[in-house]
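Just so it is clear, the model here is predicted, and its values are computed rather than measured.
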Amino acid sequence: MKIDILEYERKYSFELEPITQLCGQNIAKKTYIYESIRRYFSTYKYRENDTKWRDNVKVNGVALGRKYFALVSVSDVKDILAMIKWSKQSLMIEYVKNLVQKFDCQQHINAINKELEIMIQKMNENIHEIGNVELSYTMSDVLEMVQKTDIVSNNQVELEDKNSYELLTIFFNLLERTLEKNPQKTLVLVENIDHLISQKEYVEIVEKLRKIVHKYDAYFVLSTSLDGYVKCDEYFCSGIKIFGDVDFQMPEFEEMLAYVNNSYPCNKEISAERLKAVLIKIMQKIGQYEFLNNIEESVICKLINQTLMIHKKMEIYEIASEIAFLKS
């Protein structure tokens with residue numbers, strides 16, 4: 001499905017796939033897109049002067065109801081912790097409530113309730129002596145007791161001391177269990193995920209999300225801007241949108257492979273695996289006017305890197321047609 005985000009006369013669009021990756025160097029565009037989606041599907045109460053935000057999100061050209069998706073949004077460690085710990089937007093509260101409904105949990109709650117009734121009754125026998133007053137409680141108070149517990153690691157390590165990758169893993173596991181108990185059409189926004197984890201961890205997270213979307217009606221929108229933070233193959237390619245000086249929606253991978261091989265400036269066959277590797281390296285630079293380093297910039301960068309004991313050779317193949325294409 002196609003998502004359109006309006007900003008007065010401007011329109012930013014991308015194809016919403018089960019896993020969508022918003023890449024590119026134009027951070028301002030992606031920030032506006034995320035904020036627009038958050039305001040729209042979180043049933044944010046617009047002020048009278050919020051003209052550019054009001055109903056500026058359309059799906060396939062239609063203004064859907066604001067409850068079309070259940071929205072989950074995180075952009076930093078603080079947001080992730082809020083989802084895991086007890087808070088207004090906590091997924092943990094929803095998950096624990098589902099656990100409480102299980103038969104074995106109900107037995108324990110009923111036992112606690114019975115003991116509390118006996119305790120309250122005995123205390124009231126004494127309280128009645130001071131006047132016509134007594135203690136009162138309801139079954140919901142038992143649930144409040146559970147919610148007053150602390151969420152910590154099973155080795156008693158504070159959640160704040162865990163690294164971002166582990167917190168994200170816990171968050172996505174919790175989300176998966178919540179969807180298992182309460183399946184619903186869910187849109188999950190993870191903004192600037194490349195600021196939280198390594199490239200290797202990013203690939204692992206994306207593969208984990210692939211398994212979730214195969215089981216549940218969930219959509220994940222991940223934004224990145226750092227080189228190497230993208231998963232691009234036959235499954236993910238059409239879900240990549242690059243926001244740069246000029247925006248570009250990636251086509252199906254086979255279409256991209258055919259275009260590159262049909263248009264390459266010399267007689268060279270680019271394999272599918274080679275194209276995947278190249279796209280991962282260049283994805284964030286697509287759509288940028290100043291996207292190529294000249295020789296002088298590359299030499300200076302190499303000189304500086306040598307002081308850091310980084311010795312990397314540039315792969316140069318002397319094919320005149322390729323050089324001529326780059327200079328044209």
Got more than 12 heavy atoms from elsewhere within 6.0 Å of [atom1], [X]?
{"X": "Glu252", "atom1": "CD", "value": "no"}
{"X": "Lys2", "atom1": "NZ", "value": "no"}
{"X": "Lys208", "atom1": "NZ", "value": "yes"}
{"X": "Met119", "atom1": "CE", "value": "yes"}

Is there a chain of hydrophobic side chains (I, L, V, M, F, W, Y, each step under 4.5 Å between heavy atoms) that links [X] to [Y]?
{"X": "Leu222", "Y": "Val203", "result": "no"}
{"X": "Ile270", "Y": "Met250", "result": "yes"}
{"X": "Ile212", "Y": "Ile84", "result": "yes"}
{"X": "Val59", "Y": "Ile33", "result": "yes"}
{"X": "Tyr8", "Y": "Ile37", "result": "no"}

For [Y], is there any backbone N or O sitting under 3.5 Å from a side-chain donor or acceptor partner on [X]?
{"X": "Glu201", "Y": "Ser164", "value": "no"}
{"X": "Asp76", "Y": "Lys78", "value": "yes"}
{"X": "Asn182", "Y": "Thr178", "value": "no"}
{"X": "Glu176", "Y": "Asn173", "value": "no"}
{"X": "Lys241", "Y": "Cys23", "value": "no"}
{"X": "Tyr34", "Y": "Ser223", "value": "yes"}
{"X": "Arg66", "Y": "Phe41", "value": "no"}

Using salt bridge (charged side-chain N to carboxylate O under 4.0 Å, His left out), reason through Glu273 and Lys276 one step at a time and then give a plain yes or no.
CA-CA 5 Å; Glu273 291 307 312; Lys276 292 173 189 176; 3.0 Å; yes
Intermediate values then yes/no, side-chain contact (heavy atoms from CB on, under 4.5 Å), Ile205 and Thr169
CA-CA 7 Å; Ile205 287 289; Thr169 301; 4.2 Å; yes
[X] [atom1] to [Y] [atom2] distance, which is reported to the nearest 0.5 Å:
{"X": "Ile80", "Y": "Ile170", "atom1": "CD1", "atom2": "CD1", "answer": "10.0 Å"}
{"X": "Asp247", "Y": "Ser13", "atom1": "CG", "atom2": "OG", "answer": "9.0 Å"}
{"X": "Thr186", "Y": "Leu175", "atom1": "OG1", "atom2": "CG", "answer": "6.5 Å"}
{"X": "Leu81", "Y": "Lys85", "atom1": "CG", "atom2": "NZ", "answer": "6.5 Å"}
{"X": "Asp55", "Y": "Leu64", "atom1": "CG", "atom2": "CG", "answer": "11.0 Å"}
{"X": "Phe236", "Y": "Leu209", "atom1": "CZ", "atom2": "CG", "answer": "8.0 Å"}

Pair Arg38-Glu35, salt bridge (charged side-chain N to carboxylate O under 4.0 Å, His left out): steps then yes or no:
CA-CA 5 Å; Arg38 273 194 292 263; Glu35 184 61 22; 3.3 Å; yes
Check the pair Glu15, Met1 against side-chain contact (heavy atoms from CB on, under 4.5 Å), reporting the backbone distance first and the verdict last.
CA-CA 6 Å; Glu15 291 295 329; Met1 64 183 78; 5.8 Å; no
Assess the residue pair Asn56 and Tyr32 against the criterion (side chain to side chain donor-acceptor pair (under 3.5 Å)); give the C-alpha distance rounded to whole Å, side-chain angles, the decisive distance to 0.1 Å, and a yes or no.
CA-CA 11 Å; Asn56 70 326; Tyr32 181 77; 3.2 Å; yes
Sub-4.5 Å side-chain heavy-atom contact between [X] and [Y]:
{"X": "Leu6", "Y": "Lys58", "value": "yes"}
{"X": "Val221", "Y": "Leu187", "value": "yes"}
{"X": "Tyr12", "Y": "Asp4", "value": "no"}
{"X": "Phe243", "Y": "Ile286", "value": "no"}
{"X": "Phe220", "Y": "Leu189", "value": "no"}
{"X": "Glu207", "Y": "Arg210", "value": "yes"}
{"X": "Glu17", "Y": "Ser238", "value": "yes"}
{"X": "Leu275", "Y": "Val260", "value": "yes"}

Just do the side-chain contact (heavy atoms from CB on, under 4.5 Å) check on Lys162 and Leu159 with the steps written out, would you?
CA-CA 5 Å; Lys162 291 184 176 295; Leu159 287 178; 4.0 Å; yes
Please determine, by modelled atom types, if Tyr216 and Gln184 share a side-chain donor-acceptor pair under 3.5 angstrom.
no
Any luck finding a side-chain donor-acceptor pair between Tyr202 and Gln21 under 3.5 Å?
yes
Please find the pair of heavy atoms, one from [X] and one from [Y], that lie closest to each other, and give the distance.
{"X": "Ile242", "Y": "Gly24", "result": "CG2-CA, 3.7 Å"}
{"X": "Gln199", "Y": "Asp227", "result": "NE2-O, 3.3 Å"}
{"X": "Cys237", "Y": "Cys232", "result": "SG-SG, 3.9 Å"}
{"X": "Ala218", "Y": "Leu179", "result": "CB-CD1, 4.0 Å"}
{"X": "Phe253", "Y": "Asp233", "result": "CB-O, 3.8 Å"}
{"X": "Leu167", "Y": "Val77", "result": "CD1-CG1, 3.8 Å"}

Decide yes or no on side-chain contact (heavy atoms from CB on, under 4.5 Å) for Val246 and Tyr289, but give the supporting numbers first.
CA-CA 8 Å; Val246 179; Tyr289 287 120; 3.7 Å; yes
Using salt bridge (charged side-chain N to carboxylate O under 4.0 Å, His left out), reason through Lys30 and Glu191 one step at a time and then give a plain yes or no.
CA-CA 9 Å; Lys30 290 186 287 185; Glu191 192 172 6; over 6 Å; no
Before accepting this row, confirm whether a basic side-chain N of the pair Lys122/Glu117 lies closer than 4.0 Å to the acidic partner's carboxylate O.
no
Kindly state each residue pair satisfying side-chain hydrogen bond (donor to acceptor under 3.5 Å, both in side chains) with at least one member in residues 253-267, sequence neighbours excluded.
Tyr264-Glu322
Test side chain to side chain donor-acceptor pair (under 3.5 Å) on Tyr165 and Glu204; report intermediate values, then the result.
CA-CA 10 Å; Tyr165 174 70; Glu204 293 173 358; 2.7 Å; yes
Partners of Asp194 by side-chain contact (heavy atoms from CB on, under 4.5 Å), sequence neighbours excluded?
Asn192, Thr224, Ser225, Leu226, Tyr229
Determine, stepwise, if the pair Lys181 / Glu94 fulfils salt bridge (charged side-chain N to carboxylate O under 4.0 Å, His left out).
CA-CA 9 Å; Lys181 300 294 182 182; Glu94 183 178 350; over 6 Å; no
